[in-house]
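Note that the structure is a prediction, hence the values are computed from the model and not measured. In what follows, residues are counted from 1 in the order of the sequence shown.
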Amino acid sequence: FAWNRISECEDVLTKLRALHDDNKTGPSFALRWSLIARVRLVLERGEWQSAIDITSGAIAKGLTRGDKHLVASLSMLQAEAYARSGQAAMSSGAVLRAIAFGGFNPRHHQGTVIEACAEVVRESNIDLSSQLLGRAGRVSTQHASPDNGAKAAMSSSGRRAVPVTDGEGT
């Protein structure tokens, strides 16, 4: 996904899902976390309602399993989908859920959380959105996570993050 090889990413996700369907032991860690890539692909295609539906089901399952980090990550992606579909109140609620479930706690997820916040405010405040995208890129680069490192200067929607000084020296 980070190298914009979308069709290959979709193929891998389909294979993971097929493996899960063949295995009746329950969803593996890899399958649960592959939902993140799946939702990003759906968002990339502009299918906001589909992203909302996928995340809603996955969040409900994550809550029953106590998978706080997955719930936080999916909630941020859901916030982006709500924001892009014009549902600001629902988007805000999803951001709050993500934060409540520790969205900022894994350091390597902080860039994703900030990026989703940028998407939430994009329509109402483009300057703040640009600042947040810049911050997300810097945080992702600093933490160099496998999820964010390769795309640090690019948001999930493909827009370049604009570097700005946020007063923290980063």
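- Across all their heavy atoms, V95 and A79 have their closest contact at CG2-CB, 3.6 Å.
- Between the CD atom in E80 and the SG atom in C117 there is a gap of 10.5 Å [rounded to 0.5 Å].
- Under the 4.5 Å side-chain heavy-atom criterion for grouping Ile, Leu, Val, Met, Phe, Trp and Tyr, V121 is not connected to M90 through any hydrophobic cluster.
- Partners of N125 under the side chain to side chain contact (heavy atoms under 4.5 Å, CB included) rule, at least two apart in sequence or in another chain, are D127, L128.
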Show, in sequence, the C-alpha distance, side-chain angles and deciding distance for R84 and R122, and conclude whether the side-chain contact (heavy atoms from CB on, under 4.5 Å) test is met. CA-CA 9 Å; R84 290 180 172 210; R122 183 171 53 99; 3.8 Å; yes
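- Each of L41 and Y82 belongs to its own hydrophobic cluster when Ile, Leu, Val, Met, Phe, Trp and Tyr are linked at side-chain heavy-atom distances under 4.5 angstrom.
- Smallest separation of non-hydrogen atoms from Q78 and I59: OE1-CD1, 3.6 Å.
- With values rounded to the nearest 0.5 angstrom, S56 atom OG is found 6.5 Å from D53 atom CG.
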Derivation of the side-chain contact (heavy atoms from CB on, under 4.5 Å) call for I36 and L70: CA-CA 8 Å; I36 301 297; L70 181 63; 4.2 Å; yes
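- Listed by chain and number, the residues in a side chain to side chain contact (heavy atoms under 4.5 Å, CB included) with A83 are S91, V120 (sequence neighbours excluded).
- The line from CD1 of I52 to CD of E47 is 12.0 Å long, rounded to the nearest 0.5 Å.
- Between L43 and W48, the shortest heavy-atom contact is O-CZ3, 3.3 Å.
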Apply salt bridge (Lys or Arg N to Asp or Glu O under 4.0 Å) to E44 and R40, showing your working. CA-CA 6 Å; E44 188 71 25; R40 286 181 183 221; over 6 Å; no
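- Taking each heavy atom of R97 and S75 in turn, the nearest pair found is NH1-OG, 2.7 Å.
- F101 CZ to L74 CG: the interatomic distance, rounded to the nearest 0.5 Å, is 12.0 Å.
- Heavy atoms only, all atoms of each residue included: L132 and I114 are closest at O-CG2, 3.2 Å.
- In plain terms, the two heavy atoms of L63 and V71 that are nearest each other are N-CG2, 3.7 Å.
- Side chain of T141 to main chain of G137: a donor-acceptor pair is present (N/O by atom type, distance under 3.5 Å, no hydrogens or angles).
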